[in-house]
Structures are given as structure tokens and as C-alpha cells.
Amino acid sequence: MDRERTFIAIKPDGVKRGLIGKVITRFEEKGYKIIAMKMLTPTKEIAAKHYEEHYGKPFYDGLVKYITSGPIVAMVVEGVNVVKGARHIMGVTQPDEADVGSIRADFGQIMKQNIVHGSDSVESAQREISIYFTPEEMNTGWKTVAEMLIDEE
Ligand code: IDP
Ligand code: MG
């Protein structure tokens, strides 16, 4: 079965609100595999690389200020179709439009403080993973139970 990798980050509002465990649980319970994880406070340089696609937009400066305002929990998550699936678990950008049951609908109120980041394509995922992690930081060579069961298909 083809598996993808995506970059997920619990943003500073998620960390400050004590939601690290709940957010990670959503991805773990789906059966996705966390292969790298760290807490860090992004520098302006890291934030600028991460959000380069939004440079020049009205919300850009506020976004960089926010993502550098405190620690985030950065993760590399692996699974079948995980880029799309993780975005679905997160919900759409605007928390009051996100589907109930999604992280952003259940925990967020405003667009800027929407708890979690997730890559929007396989290409973005590769780019974002390389901003936050080195290849040596990927924990490969082990299997989750979900992975074993899917592999039996
Ligand atoms: P995404 O996180 O759902 O992929 P993007 O459009 O890539 O959404 O925007 C990146 C982040 O920038 C959002 O998650 C949100 O925190 C913030 N953001 C996006 N649009 C706005 C806005 O109009 N006002 C305030 N913040 C915004
Ligand atoms: Mg995005």
C-alpha cells in the first residue's frame, strides 16, 4: 500500500491551551504513524520559509508573529493518503465552517488561532518537512498495528 508523509504542527494556541495530547490522539487513533516529533519555538526565518506562499498577503505579518509567539509541536506523520486525510481531521481553515468532529471546529473560534497546521499537498509536505527536520530525524524501521493490518490486505 502506498503511503505518504505529511507535516503537522500544533500551533502556539494549541500548545498554550493544553491540547497537545488531544490533537496527537486524533491522528494516532486514525492509525497514522508519527515518525518524528519535536517542540520548538519557530524563529522568524523558519516562519518565513514555512509560510512563504502567503508572503505579501494581508494576514502574513500577523501569521508570522503568531507562529513565532511560542512553542509549536512539529510532527511528521505517515499513512495511506495522509495529506488529504489529515486535512480532513483538522477541518477547513475557518473554525466556524469546519465540520463538527474536526480539530478546528471542536477547539477553535478564529481563523488565525486554528490550533493546527497540516500540509496541503505531497509537494508542500516534502518542503515543510525539510524546514523542520533532517532525514536522520525520521524514525523508520518499525510498524504500527494499523500499518501491519493494512499490509495484510
Ligand atoms: P491552512 O492552514 O488551512 O492551510 P492557509 O490558507 O494555508 O490555511 O493559511 C495559513 C494559516 O494562516 C491559517 O491556518 C491561519 O492560521 C492563517 N490565516 C489564513 N487566512 C487568514 C486570514 O484571513 N486571517 C487571519 N489568519 C489567516
Ligand atoms: Mg496552508
Side-chain angles (χ1 to χ4, degrees), residues 1-135 137-139 144 146:
M1 198 76 70
D2 274 355
R3 290 186 169 84
E4 297 172 350
R5 286 180 185 177
T6 193
F7 174 72
I8 301 289
I10 304 168
K11 297 179 177 182
D13 56 310
V15 172
K16 287 176 186 164
R17 290 184 48 206
L19 296 172
I20 296 171
K22 282 194 168 140
V23 171
I24 291 174
T25 297
R26 299 263 171 128
F27 296 106
E28 276 194 312
E29 286 182 341
K30 173 85 173 176
Y32 292 148
K33 180 183 188 180
I34 299 167
I35 61 164
M37 178 159 60
K38 67 172 90 165
M39 181 185 256
L40 74 150
T41 302
T43 61
K44 268 191 178 163
E45 290 69 31
I46 288 178
K49 277 191 197 166
H50 181 159
Y51 286 121
E52 68 177 21
E53 67 177 298
H54 297 304
Y55 182 73
K57 292 184 186 169
F59 62 86
Y60 176 82
D61 287 347
L63 176 58
V64 169
K65 198 170 170 197
Y66 154 64
I67 205 74
T68 58
S69 67
I72 67 166
V73 175
M75 284 173 272
V76 180
V77 179
E78 203 172 74
V80 178
N81 229 351
V82 68
V83 170
K84 186 178 174 195
R87 296 271 295 185
H88 208 181
I89 287 172
M90 286 161 48
V92 297
T93 315
Q94 175 70 284
D96 55 23
E97 288 171 5
D99 288 336
V100 172
S102 67
I103 294 167
R104 287 166 165 177
D106 291 358
F107 301 130
Q109 293 182 56
I110 64 172
M111 179 120 88
K112 189 183 193 183
Q113 298 177 14
N114 59 6
I115 322 286
V116 68
H117 167 85
S119 310
D120 62 8
S121 67
V122 171
E123 295 71 35
S124 306
Q126 284 170 351
R127 195 185 71 80
E128 291 166 5
I129 289 168
S130 74
I131 295 169
Y132 288 91
F133 293 95
T134 64
E137 287 176 299
M138 300 302 121
N139 295 272
T144 64

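We count residues from 1, following the sequence as given. Both ligands and their constituent atoms are indexed starting at 1 by order of listing.
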Legend entry - Proximal protein residues to ligand 1, non-hydrogen atoms under 4.0 angstrom: Lys11, Tyr51, His54, Phe59, Leu63, Arg87, Thr93, Arg104, Met111, Lys112, Asn114

Legend entry - Side chain Asn114, main chain Thr93, donor-acceptor under 3.5 Å: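 Yes.
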
Legend entry - N/O donor-acceptor pair under 3.5 Å between Asp106 side chain and Arg104 backbone: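 No; zero donor-acceptor contacts below 3.5 Å.
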
Inset, instruction - Dump the intermediate steps for side-chain contact (heavy atoms from CB on, under 4.5 Å) on Met37 and Val73, then the final yes or no. - result: CA-CA 7 Å; Met37 178 159 60; Val73 175; 3.9 Å; yes

Legend entry - For the student: nearest non-hydrogen atoms of Glu28 and Ile34, plus distance: CG-CD1, 3.9 Å

Inset, instruction - Report yes or no: is the cationic atom of Lys11 (NZ for Lys, CZ for Arg) under 6.0 Å from the centre of the six-membered ring of Tyr66, at an angle within 45° of the ring normal? - result: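 The answer is no, since Lys11 fails at least one limit relative to Tyr66.
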
Inset, instruction - Indicate the ring-plane relationship of His50 and Phe7, choosing parallel, tilted or perpendicular according to the 30° and 60° boundaries. - result: perpendicular

